[in-house]
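Written out below as structure tokens is the structure these notes cover.
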Amino acid sequence: MLKDYKYLKPDQHYIDLYDSHTIDYCRSLKQGFVNKTKKVLPKMNKGWSESLADVAIYFYSGDRAIKKEETISKWMRGDRERDQKLELTEPPPNIFCRMCGEAMTCESKGLHDAYTFPLQVIFLFRCASCKKGRAIFENGKEWEREKKPCPKCHALLEEKGSNKGRTFTTLYTCLNCPYTEKDEFTLSAPIKEKPDPYFERDRAKFCFSNQQTSDYLEQKITLESLSKSFDELKERDKHKDVYDAAAKLQKLTLDQLEKTLIAVMAKNEYVKLELGAPEVDQYVIIPFTVRDAKPNREARSSELDLQRLLRKTLEPTSWRLMNEGVSYRLGILSGKLKGYEREEDLVRLVEQVQKKKSQQRFKKNGSIAGDGEDGYIL
């Protein structure tokens, strides 16, 4: 007859377990905090010391409360999986007694290690005739306890066990040398754990209610938001020149962009600029074509001249030529322009320009080689 063991407990079991961990830690935290401040700041008023400890406990308890529901759900889900594994796993067939050869009966089953995944079920088979037992895993492999080596000659020791009442004795014998060893232990009477008389009092003190948890979470979000804002202000102050330069970039509308490019291109003998339909999403992307009106300008020279012209013209604006640059076909050059609006994107544009200029200064001094065709594209 298989023994029925249930891992999944009532909800209150997990609530009490979680709360007990919180209570134990808060108790030790408070006492440890007070003891430490006595050593470090012996003149500190005891009330101040305990107040500081209460602040630390408040934040610890609040963080524990936020994780409580998720953690308990995880515990229960794990125990439910253990029960399902035990329930659905059938014992392996055809297990016979090593002594008499009789078919053995499955007496009980359990998890070999309930807290190690993947879970493995182990079955205890018992012979009705000679009462011998065998422990068999669900895959049919037999569990065998690892034998102790002889400390003298390192051969494996033979074991023989016996018990008398609550005393268990194991005799180890080496068949290779005269070494023997006797191991004996007595089971102590089970100690009934006394209930904690201050558990409920400290639960009310250290474990947040649903409303307290909700309030704490709201405060935590507010504090994190303030902290993030403070960090952003520090970052802006640290890189004030970059943010100021980003703010000064010309945020040209499409019409302004078109008029600017037409005027500049005409001076460099690129004519009849045509803008395609814009793609409006996180950025604004717009294709363009323009004609090369300069006689005898070769295709590659025409592409490079236009790329340099566009990059120089667009550098003080929020627009950039996209990475693919421009292509030339029969006197027609085409490409795509990209417009930026968000502050973080504009800051990155400025940083890229500054980095490029720094590289060019090093290149000029012979310190670093660079490609003059970088486009500062995000």
Side-chain angles (χ1 to χ4, degrees), residues 1-10 13-14 16-17 20-21 24-25 28 75-76 78-196:
M1 183 71 179
L2 297 182
K3 295 178 182 177
D4 187 25
Y5 183 83
K6 287 288 185 182
Y7 282 93
L8 187 64
K9 309 292 192 302
H13 167 82
Y14 300 96
D16 291 343
L17 179 61
S20 69
H21 292 167
D24 288 345
Y25 186 85
S28 62
W75 287 348
M76 295 182 72
D79 283 348
R80 196 175 290 111
E81 288 176 10
R82 293 175 183 93
D83 285 338
Q84 289 174 349
K85 179 69 175 177
L86 275 173
E87 182 181 352
L88 298 176
T89 306
E90 295 293 331
N94 304 321
I95 304 299
F96 298 94
C97 179
R98 291 185 182 276
M99 297 296 292
C100 65
E102 292 290 328
M104 304 182 82
T105 302
C106 185
E107 184 178 81
S108 64
K109 63 178 176 178
L111 294 175
H112 178 244
D113 187 339
Y115 298 95
T116 299
F117 287 86
L119 298 171
Q120 272 195 102
V121 178
I122 189 167
F123 298 85
L124 178 60
F125 287 83
R126 184 73 61 188
C127 177
S129 300
C130 59
K131 307 302 181 183
K132 294 292 182 181
R134 294 179 67 188
I136 310 293
F137 288 104
E138 59 185 275
N139 60 5
K141 184 179 179 181
E142 185 164 7
W143 175 82
E144 292 182 1
R145 187 172 61 181
E146 188 175 347
K147 291 187 176 182
K148 291 176 62 174
C150 175
K152 299 290 186 182
C153 66
H154 306 296
L156 295 180
L157 297 173
E158 290 293 319
E159 301 178 19
K160 186 176 181 181
S162 62
N163 69 289
K164 186 177 181 181
R166 302 181 66 84
T167 300
F168 292 79
T169 304
T170 304
L171 181 64
Y172 297 95
T173 305
C174 182
L175 303 180
N176 194 50
C177 73
Y179 179 80
T180 60
E181 179 184 338
K182 186 177 181 181
D183 186 16
E184 187 175 274
F185 72 95
T186 302
L187 290 175
S188 58
I191 300 174
K192 188 175 181 180
E193 190 174 344
K194 294 181 179 179
D196 183 348

Legend entry - Any donor-acceptor pair under 3.5 Å from D83 side chain to K6 backbone: no
Inset, instruction - Measure from the side-chain N and O atoms of Y14 to the backbone N and O of K9, and report whether any donor-acceptor pair falls under 3.5 Å. - result: yes
Inset, instruction - List the steps, then state whether salt bridge (Lys or Arg N to Asp or Glu O under 4.0 Å) holds for K147 with E159. - result: CA-CA 8 Å; K147 291 187 176 182; E159 301 178 19; over 6 Å; no
Legend entry - Distance-minimising heavy-atom pair for A114 and L119: O-CD2, 3.5 Å
Legend entry - Flag, side chain of N176 to backbone of A155, donor-acceptor distance under 3.5 Å: no
Legend entry - Expected output: side-chain R126 to main-chain K131 donor-acceptor under 3.5 Å: yes
Legend entry - Aromatic plane relationship, H21 with W75 - under 30° parallel, 30 to 60° tilted, over 60° perpendicular: perpendicular
Inset, instruction - I would like to know whether R98 and E142 meet salt bridge (Lys or Arg N to Asp or Glu O under 4.0 Å); could you show each step before the answer? - result: CA-CA 12 Å; R98 291 185 182 276; E142 185 164 7; 2.4 Å; yes
Inset, instruction - Kindly indicate, with the supporting measurements, whether the criterion side chain to side chain contact (heavy atoms under 4.5 Å, CB included) is fulfilled by I136 and I122. - result: CA-CA 6 Å; I136 310 293; I122 189 167; 6.0 Å; no
Inset, instruction - Answer yes if the side chains of E184 and T169 hold a donor-acceptor pair under 3.5 Å, and no otherwise. - result: yes
Inset, instruction - Run the salt-bridge test on E138 and K85 with the 4.0 Å N-O cut-off and return the result as yes or no. - result: yes
Inset, instruction - Inspect the surroundings of OH in Y25 and state if more than 12 heavy atoms from other residues, nucleotides or ligands are less than 6.0 Å away. - result: no
Inset, instruction - Evaluate side chain to side chain contact (heavy atoms under 4.5 Å, CB included) for L157 paired with T173, printing each intermediate quantity in order. - result: CA-CA 5 Å; L157 297 173; T173 305; over 6 Å; no
Inset, instruction - Would you mind checking if K109 and E87 are paired as a salt bridge, meaning a charged N to carboxylate O distance below 4.0 Å? - result: no
Legend entry - N-O pairing of D79 and R82 below 4.0 Å: yes
Legend entry - Under 3.5 Å: donor-acceptor pair, side chain of R134, backbone of C127: no
